[in-house]
K.L.:
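I have a structure here, written as structure tokens, and I will follow up with some questions on it.
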Amino acid sequence: MNSTTIDNKKIWDEVLTKIELDISKANFNTWFKDTFIIKYEKGVIYLAVPNEFVKNWLYEKYNKDILKTLRDSVESIRTVEYIIKDNTQSKKQNLTNQFSPSINNRLPLDSFYINKKDNLNPRYTFDSFIVGTFNELSNVAAQTIIKKQGVVYNPLFIYGKTGYGKTHLIQAVGNEIKNKYSNKRVFYITSEKFSVDCVNSIQQNKVNLFKEKYRKYDTLIMDDIQFLSRKERTQEELFHLFNYFYDNNKQIIFSSDRHPNHIPDIADRLKSRFGAGMMVDIQAPDNESRIEILKLKTKINNFYLSNEIIEHIASEIKGNIRELEGIFNSIICQSQLKGRELNMQEIKNLIKTNITPKKNISVKEIVKTVAEFYSIEESMIYEKTRRKEVVKPRQLVMYILREDFGISYPSIGEKLGGRDHTTVIHSCEKIRNGLKTDSALAQELEQIKSII
């Protein structure tokens, strides 16, 4: 097969479409902009990239995903070669070297290699993990099980939205156990890979080998448990594996993007096992934590950003740590290409280009979501009733409209049945104070927000 037998543009557009769904907009725009297939020849895709930085980064971080997606379209593709196609590259490279050789050396292209024996990435450690009010409880729980594996908080179930640092934390636990206890065998795996492994073992009549493979470990860390939804046979094998670990005081750690009670089609007996130990959520990082994360990034990468710029980035990129890191990487890359520091206006433009737009949502949709969550009729939120089962949902609607969407107190009162603004203020204060002491309320609010 030669390059004339495939549609280069069509295939690469398909690859980009799939990758864009899996990574942050900032990372996508930074590393995949101005890439295209030059030709396909003898099983090799020759991919054009704008510079050496992008070439190295794509090879280190995304080559496996790129190759897999390409093979979904053309099975005979064997490998990808990255070719720099930018006449201004040498000039920009010289400027970069003059600007700051240390930055060039610290651009995060020196990727840490994942240990094939345990699947742990050595980049995920507690030294690079920022602890704030948003993840303090999960960090305490993680530190506790390192000291008393299989005895307390077994299993440890951590949940929260994508990009909140769950994978970093659970892998940091694995790396810490491995470093402190050389006799302990740790293994990290995503639920998807576990499911594939399970299905393959069934098809090849090697279920016993599958069981033995996982039972030899002392600590099992399984990421993204939500993907086991509707996978009945995999759930069954996990149930038996869980019982073996639990009965033998071996540590189990799970993560998910939501509370297990809100994962559809998960067996009740598994949900019961998930709740048998410690279940804790990681919330969105507050502004102070985002600032600390950025400061740590500058230190690790030996890259200077003024406090003014750091504070501006933290105020603009709210919630998702991955998006925060994506913007930071974009700034490093653009600084290198320009051969100088970016000014504030350039930073603002970069953020505006890369930040994911906030989802537009109506008051009615929020009311509908909260009502469904508490199994009440939507109309009850608008009614002037003090029934216990309605008061808290209504107060939560008011709190979300105020805190997350910035709607004024009078407007909220008007939209929810013509209530006085003092009633709305009281309701918001009630929830605000409740969140400080009521962990169940905090969890319910986070689950509602994740649905919204």
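Note that these values count all heavy atoms, side chains included, but never hydrogens, waters or copies made by symmetry. Just so we're clear, the structure is a prediction, and the values are computed from it rather than from any experiment.
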K.L.:
Does a donor on one side chain and an acceptor on the other come within less than 3.5 Å for Glu212 and Asn208?
P.N.:
no
K.L.:
Looking at Tyr214 versus His240, is the centre-to-centre ring distance below 6.0 Å?
P.N.:
no
K.L.:
How long is the straight-line distance from CD1 of Ile177 back to CG of Leu120, given to the nearest 0.5 Å?
P.N.:
9.5 Å
K.L.:
Compare all side-chain heavy atoms of Gln251 with those of Val173 and state whether any distance is below 4.5 angstrom.
P.N.:
no
K.L.:
If every non-hydrogen atom of Ile77 is compared with every non-hydrogen atom of Arg71, which pair is closest and at what distance?
P.N.:
O-NE, 2.9 Å
K.L.:
Check whether any side-chain heavy atom of Tyr374 sits under 4.5 Å from a side-chain heavy atom of Glu444, and report yes or no.
P.N.:
yes
K.L.:
To the nearest 0.5 Å, what is the distance between CG (Leu156) and OG1 (Thr219)?
P.N.:
11.0 Å
K.L.:
For Ile130, which of Lys297, Glu292, Lys295 qualifies under side chain to side chain contact (heavy atoms under 4.5 Å, CB included)?
P.N.:
Glu292
K.L.:
Does some side-chain heavy atom of Ile221 sit less than 4.5 Å from a side-chain heavy atom of Gln171?
P.N.:
no
K.L.:
Report yes if the side chains of Met279 and Pro260 come closer than 4.5 Å at any heavy-atom pair, otherwise no.
P.N.:
yes
K.L.:
So do Gln334 and Glu346 actually touch side chain to side chain, heavy atoms under 4.5 Å?
P.N.:
no
K.L.:
Quiz question: by atom type and distance under 3.5 Å, do the side chains of His421 and Ser408 form a donor-acceptor pair?
P.N.:
no
K.L.:
Are Tyr62 and Val80 packed together at the side-chain level, in the sense that at least one heavy-atom pair is separated by less than 4.5 angstrom?
P.N.:
no
K.L.:
Cation-pi check, Arg432 to Tyr399: give yes when NZ or CZ is under 6.0 Å from the six-membered ring centre and within 45° of the ring axis, no otherwise.
P.N.:
no
K.L.:
Do you see a donor-acceptor pair shorter than 3.5 Å between the side chains of Asp223 and Tyr188?
P.N.:
yes
K.L.:
Taking all atoms of both residues into account, what is the closest heavy-atom pair of Gln149 and Ile146, and its distance?
P.N.:
NE2-O, 3.1 Å
K.L.:
Are Asp72 and Thr69 close enough that a side-chain donor and a side-chain acceptor fall under 3.5 Å?
P.N.:
no
K.L.:
Which distance, rounded to the nearest 0.5 Å, do you find between the NZ of Lys18 and the CG of Leu70?
P.N.:
9.5 Å
K.L.:
Supply the atom-to-atom distance Glu341 CD to Ser335 OG, rounded to the nearest 0.5 angstrom.
P.N.:
7.5 Å
K.L.:
Are Tyr164 and Tyr159 close enough that their ring centres sit under 6.0 Å apart?
P.N.:
no
K.L.:
Report yes if the side chains of Arg273 and Asn243 come closer than 4.5 Å at any heavy-atom pair, otherwise no.
P.N.:
yes
K.L.:
Which atom pair, heavy atoms only, marks the closest approach of Thr167 to Arg322?
P.N.:
OG1-NH2, 4.3 Å
K.L.:
Ignoring hydrogens, what is the shortest heavy-atom contact between Val54 and Trp31? Give both atom names and the distance.
P.N.:
CG1-O, 3.4 Å
K.L.:
Using side-chain heavy atoms (C-beta onward) and a distance below 4.5 Å, is Ile225 in contact with Leu270?
P.N.:
no
K.L.:
May I ask you to check if Arg269 and Phe239 form a cation-pi contact, with NZ or CZ under 6.0 angstrom from the six-membered ring centre and within 45° of the axis?
P.N.:
yes
